[in-house]
J.: 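Structure incoming, see below.
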Protein chains: 2
Amino acid sequence: MATMRDVARRAGVSAKTVSRVFNRDPHVSPVTKERVETALRELSYTPTTLATTFRSGRAPVLGVAVPDIADPFFGALAKAVESLAAVQRMSVVMTSLGEDPMREPAIVQSLLRQSLSGLVIAPIAADQSYLDVWAARTQLVFVDRRAAGIVADSFTEDDHAGARAATRHLVEHGHVRIGFLGDSTAIPTSRGRLVGYRAALLDAGIEYDESLVVLGALDRASAAAAFSALERLDQPPTAIFASNARVTMSLVPVLRAHRQLAVAGFGDFPMADMLEPSVTVIDQDPTALGTLAAQRILDRMAHPQRRYRRHTVLPVQLVERASCLPGG
Amino acid sequence: MATMRDVARRAGVSAKTVSRVFNRDPHVSPVTKERVETALRELSYTPTTLATTFRSGRAPVLGVAVPDIADPFFGALAKAVESLAAVQRMSVVMTSLGEDPMREPAIVQSLLRQSLSGLVIAPIAADQSYLDVWAARTQLVFVDRRAAGIVADSFTEDDHAGARAATRHLVEHGHVRIGFLGDSTAIPTSRGRLVGYRAALLDAGIEYDESLVVLGALDRASAAAAFSALERLDQPPTAIFASNARVTMSLVPVLRAHRQLAVAGFGDFPMADMLEPSVTVIDQDPTALGTLAAQRILDRMAHPQRRYRRHTVLPVQLVERASCLPGG
DNA sequence: GGATTTGTTGACACCGGTGTCATACGGGCA
DNA sequence: TGCCCGTATGACACCGGTGTCAACAAATCC
């Protein structure tokens with residue numbers, strides 16, 4: 001790989017002049033420009049971003065840290081970030097945080113050591129105060145979940161209103177015994193949705209029954225186990241609110257076995273409309289989350305002094321399908 | 001952010017000594033070591049990978065370039081690469097190549113300018129000769145599709161055998177008029193599958209009918225259009241082979257409207273087993289592809305002189321579900 | 001014609017961790 | 001005392017693109 005100094009030697013000029021020609025600096029005489037351009041072509045010069053990055057101390061790279069990059073929700077989010085980054089000729093490094101909250105700091109910090117321009121993070125740990133020292137160097141934007149232990153921008157969906165709307169929808173279809181199936185209330189998102197669920201029950205004058213709340217539904221096996229726990233109750237639920245798309249998807253086999261069961265889930269997923277019954281969901285918009293988060297990073301880089309809204313909560317929408325229709 | 005020289009000044013030693021302490025070099029006296037460690041702690045020194053990367057000329061980063069990172073197939077592939085990279089304390093930069101083959105070189109080269117250690121690429125263009133000059137600096141491994149115009153490692157799935165098995169499966173269920181629905185034969189993968197489809201017909205003594213092959217099924221609308229073209233034939237197909245998961249998923253609404261239609265698709269997808277009818281597919285293993293590709297990059301970095309198998313074709317497996325059962 | 005401006009070009013330093021080599025010092029041995 | 005060797009430590013350069021500033025020539029102005 002030829003460097004600028006190689007090109008300079010060949011063209012009989014200084015490296016700086018090559019730099020000027022390469023960056024279309026007008027202060028170069030046509031003759032010199034011609035000579036340099038020939039040398040550039042002959043050596044097929046390709047710049048390394050490494051040197052510029054090192055000098056500026058900031059890589060033209062945005063980071064994306066999410067629980068699982070293979071999850072369609074986060075995949076769409078990452079794709080949106082990447083689209084905006086591409087416009088600014090930036091790259092995207094991504095990392096999956098996995099399941100273990102303890103590992104989050106190590107994983108995220110190894111990303112940050114690369115002097116990213118910005119980081120979009122959907123955290124899994126209960127505390128992000130470890131990010132405090134990095135905030136001065138890197139634009140941090142939280143998505144899906146707010147930051148804890150540190151002040152930072154966030155873009156989240158309206159968990160409370162969404163869960164409330166979904167639950168109300170079930171109530172309006174005549175259900176009184178409504179189960180809540182979730183993963184873990186350690187995650188703020190789930191907690192918010194549980195609160196929304198309770199609010200809807202309160203609205204309808206239905207008493208909250210803790211035994212209807214079952215957590216730990218992470219895959220098909222655990223979802224089935226969680227459901228059979230509900231089924232064994234004296235008054236088993238006739239409807240279920242699933243607190244996220246993964247739970248809903250895990251629950252699909254159960255739905256096929258219990259056709260009379262009504263379901264509404266938080267988070268749309270591929271093929272939800274093609275199942276029988278098609279599944280009523282609260283539609284989230286990962287693309288919007290990713291786009292807004294990336295845009296905020298770019299805005300803050302361009303206008304550091306400007307003031308921004310700290311927390312943005314995106315409205316969510318009920319997508320009514322067949323899974324809570326009477327007899328559905 | 002404190003640099004090594006900051007720490008050195010505070011500890012009253014040279015930067016090199018700080019470097020030695022930080023890297024656990026045994027040639028440091030206990031007294032000095034203690035002083036330096038105190039200074040490190042007091043300034044909460046965090047190294048930048050930028051300097052080391054710049055000096056070594058190689059970033060501890062693997063690239064992943066795929067058509068669409070939001071596609072579950074490529075998401076799983078990227079996740080597998082990331083898992084292996086993490087073990088070596090490497091990061092992963094990813095990029096979506098999109099739909100336009102013309103843009104592939106520019107997108108990929110902007111990744112490569114970052115002096116990646118390796119690149120896993122599932123290309124969309126018909127020619128990758130532009131990567132020739134990069135191969136000396138960066139380990140290139142192709143996945144899902146082989147390289148064209150350049151010699152490079154590849155890990156692909158057995159398109160021919162998979163398509164042949166799926167088509168044979170349909171034949172065995174009594175179908176003679178079998179449609180082929182694909183995206184574009186410009187993509188080698190699709191071409192290989194079309195050849196496999198024809199081979200299965202030949203095996204069964206069924207004459208190949210070009211009017212049964214329809215391309216351009218990219219989303220639900222175009223898939224529906226493609227299907228209605230088939231439907232208008234004198235002898236419309238009674239079964240369809242869909243050449244990839246996206247096509248199959250786009251075709252699902254059609255299946256619901258035409259319950260007598262048998263389908264087999266190349267590539268599994270979430271919920272395929274929960275649809276009615278559940279969809280018979282050729283199961284690909286994106287995690288295996290990603291793991292093997294990343295492993296090859298790491299192997300080649302560790303043992304540059306060793307010889308490796310250029311092309312690895314992974315076997316695929318028929319997952320029989322309900323979509324080709326009689327009357328299904 | 002001398003002073004000032006405008007335009008072209010290059011020397012040099014910088015970013016920060018680290019490989020290379022030199023230096024200094026202490027101990028062992030002839 | 002002189003020599004050698006091993007250990008501890010530091011000076012310096014390097015990676016490569018580019019910002020800063022100076023040098024110099026040509027053009028313009030009074």
Side-chain angles (χ1 to χ4, degrees), chain A residues 1-40 43-61 89 110 112-117 136-138, chain B residues 1-37 39-40 43-61 89 109-110 112-117 136-138:
Chain A
M1 280 290 162
T3 71
M4 277 205 165
R5 283 172 176 79
D6 295 333
V7 178
R9 204 174 312 119
R10 187 176 193 97
V13 297
S14 75
K16 180 68 216 195
T17 300
V18 177
S19 167
R20 274 192 269 256
V21 172
F22 196 79
N23 295 299
R24 315 221 183 298
D25 186 319
H27 297 289
V28 181
S29 75
V31 192
T32 312
K33 191 178 163 202
E34 182 53 38
R35 266 226 313 292
V36 171
E37 278 172 345
T38 306
L40 282 169
L43 296 176
S44 63
Y45 170 76
T46 328
T48 314
T49 60
L50 252 42
T52 326
T53 295
F54 173 51
R55 186 176 213 271
S56 72
R58 180 168 286 191
V61 174
R89 307 181 165 283
S110 90
L112 288 167
R113 266 197 284 279
Q114 299 177 42
S115 306
L116 308 175
S117 295
R137 294 167 49 71
T138 304
Chain B
M1 280 289 161
T3 71
M4 278 205 165
R5 283 170 175 82
D6 296 333
V7 177
R9 206 174 311 121
R10 186 176 194 99
V13 296
S14 74
K16 179 70 217 194
T17 301
V18 177
S19 168
R20 274 190 270 257
V21 172
F22 195 80
N23 295 300
R24 313 219 185 299
D25 187 319
H27 299 288
V28 181
S29 76
V31 194
T32 311
K33 190 180 163 199
E34 181 54 38
R35 268 225 313 291
V36 171
E37 279 173 345
L40 282 170
L43 295 176
S44 64
Y45 169 75
T46 327
T48 313
T49 60
L50 251 44
T52 325
T53 295
F54 174 51
R55 188 176 212 270
S56 73
R58 180 170 287 193
V61 175
R89 307 180 166 285
Q109 282 170 333
S110 91
L112 288 166
R113 267 197 284 278
Q114 299 177 43
S115 307
L116 308 174
S117 295
R137 295 167 49 72
T138 304

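Note that these values count all heavy atoms, side chains included, but never hydrogens, waters or copies made by symmetry. Order of the sequence lines sets the chain letters (A, B, ...), proteins ahead of strands, with each chain counted from 1.
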J.: Counting only heavy atoms and a strict 4.0 angstrom limit, can you tell me which residues of residues 21-28 of chain B come near DNA chain C?
T.: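 Per residue number, the list reads B:Asn23.
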J.: The criterion is side-chain hydrogen bond (donor to acceptor under 3.5 Å, both in side chains); which residues satisfy it with B:Ser56, sequence neighbours excluded?
T.: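 Partners of B:Ser56 under the side-chain hydrogen bond (donor to acceptor under 3.5 Å, both in side chains) test: none.
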J.: Any donor-acceptor pair, under 3.5 Å, between the side chain of B:Arg20 and the base of D:dG10, if you only look at N and O atoms?
T.: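 Between D:dG10 and B:Arg20, which were checked side chain against base, a qualifying N/O pair under 3.5 Å is present.
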J.: Quick one: which protein N/O atoms are closer than 3.5 Å to N/O atoms of nucleotides 22-26 of chain D? Pair and distance per line, please.
T.:
none

J.: Sequence neighbours excluded, which residues qualify as side-chain hydrogen bond (donor to acceptor under 3.5 Å, both in side chains) partners of B:Arg5?
T.: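 For B:Arg5 there are no side-chain hydrogen bond (donor to acceptor under 3.5 Å, both in side chains) partners, ignoring immediate neighbours.
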J.: So what does B:Thr32 touch, heavy atoms closer than 4.0 Å: a base, only the sugar-phosphate, or nothing?
T.: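 Since only primed, P, OP1 and OP2 atoms lie under 4.0 Å of B:Thr32, the category is sugar-phosphate.
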J.: Think B:Ser19 has a side-chain N or O under 4.0 angstrom from the OP1 or OP2 of C:dT18?
T.: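 Yes.
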J.: Nearest whole angstrom, please: distance from the C1' of C:dC15 to the CG of B:Leu50.
T.: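 Rounded to the whole Å, the gap is 9 Å.
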J.: Expressed as a whole number of angstroms, how long is the span from B:Arg113:CZ to D:dG16:C1'?
T.: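 After rounding, the reported distance stands at 15 Å.
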J.: What's touching nucleotides 22-28 of chain C from the protein side, N or O pairs under 3.5 Å?
T.:
none

J.: Taking all heavy atoms of B:Ala59 and all of B:Thr53, pick out the closest pair and write down the distance.
T.: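 Taking B:Ala59 first and B:Thr53 second, the nearest heavy atoms are CA-CG2, 3.5 Å.
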J.: Could you state the atom-to-atom distance from CG of B:Leu43 to P of C:dG16 in whole Å?
T.: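 In whole Å, C:dG16 P and B:Leu43 CG are 14 Å from each other.
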J.: Between NZ of A:Lys33 and CZ of A:Phe22, what distance do you get to the nearest 0.5 Å?
T.: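 Atom-to-atom, A:Lys33:NZ and A:Phe22:CZ are 13.0 Å apart.
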J.: Between C:dC15 atom C1' and B:Arg55 atom CZ, what is the distance in whole Å?
T.: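 Checked: the CZ to C1' distance equals 14 Å.
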J.: CZ of B:Arg58 versus P of C:dT18: gap in Å, rounded?
T.: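 These atoms are roughly 18 Å apart.
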J.: Would you mind reading off the distance between B:Tyr45 atom OH and C:dG16 atom P, rounded to a whole angstrom?
T.: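 Answer to the nearest Å: 10 Å.
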J.: According to side-chain hydrogen bond (donor to acceptor under 3.5 Å, both in side chains), who are the partners of A:Ser14, at least two apart in sequence or on a separate chain?
T.: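 Result, side-chain hydrogen bond (donor to acceptor under 3.5 Å, both in side chains) vs A:Ser14: A:Thr17.
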J.: Quick check for you: to the nearest 0.5 Å, what is the distance between A:Thr49 atom OG1 and B:Gln114 atom CD?
T.: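 Here the rounded value is 5.0 Å.
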J.: How close do B:Ala15 and B:Ala8 get, counting heavy atoms only, and between which atoms?
T.: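 Distance-wise, the nearest heavy atoms are N-CB, 3.6 Å.
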J.: Taking side-chain hydrogen bond (donor to acceptor under 3.5 Å, both in side chains) as the definition, give me every residue that meets it alongside B:Thr32, ordered by chain and number, with sequence neighbours left out.
T.: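 Result, side-chain hydrogen bond (donor to acceptor under 3.5 Å, both in side chains) vs B:Thr32: B:Ser29.
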J.: Taking side chain to side chain contact (heavy atoms under 4.5 Å, CB included) as the definition, give me every residue that meets it alongside B:Asp25, ordered by chain and number, with sequence neighbours left out.
T.: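 So B:Asp25 forms a side chain to side chain contact (heavy atoms under 4.5 Å, CB included) with B:Arg20, B:His27.
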J.: Check side chain to side chain contact (heavy atoms under 4.5 Å, CB included) between B:Arg137 and all other residues, then give those that pass, not counting sequence neighbours.
T.: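 B:Arg137: side chain to side chain contact (heavy atoms under 4.5 Å, CB included) contacts with A:Met1, B:Ser115.
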J.: What is the distance, rounded to the nearest whole Å, between atom CZ of A:Arg35 and atom C1' of C:dT8?
T.: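 Whole-Å distance recorded here is 13 Å.
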J.: Using the C1' atoms of the five pairs at each end, what is the angle between the end axes of the helix from C:dG1-D:dC30 to C:dA30-D:dT1, to 10°?
T.: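 So the angle between the two local helix axes works out to 70°.
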J.: How long is the span from the CZ atom in A:Arg58 to the CG atom in B:Leu50, to the nearest 0.5 Å?
T.: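 Spacing of CZ (A:Arg58) from CG (B:Leu50) equals 11.5 Å.
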J.: Counting only heavy atoms and a strict 4.0 angstrom limit, can you tell me which residues of residues 1-17 of chain B come near DNA chain C?
T.: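 Only B:Thr3, B:Met4, B:Arg5, B:Lys16 qualify.
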J.: Find the distance between OG1 (A:Thr48) and CG (B:Leu112) and round it off to the nearest 0.5 Å.
T.: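 The distance works out to 11.5 Å.
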J.: Please give me the minimum heavy-atom distance between A:Met4 and A:Val18, naming the atom from each residue.
T.: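 So the two residues come closest at O-CG2, 3.9 Å.
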J.: Which heavy atom of A:Val7 sits nearest to which heavy atom of A:Tyr45, and what is that distance?
T.: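 The answer is CG2-CB, 3.9 Å.
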J.: According to salt bridge (Lys or Arg N to Asp or Glu O under 4.0 Å), does anything in residues 7-19 of chain B pair up with another residue at least two apart or in another chain? List the pairs.
T.: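 Found B:Asp6-B:Arg9, B:Arg10-B:Glu42.
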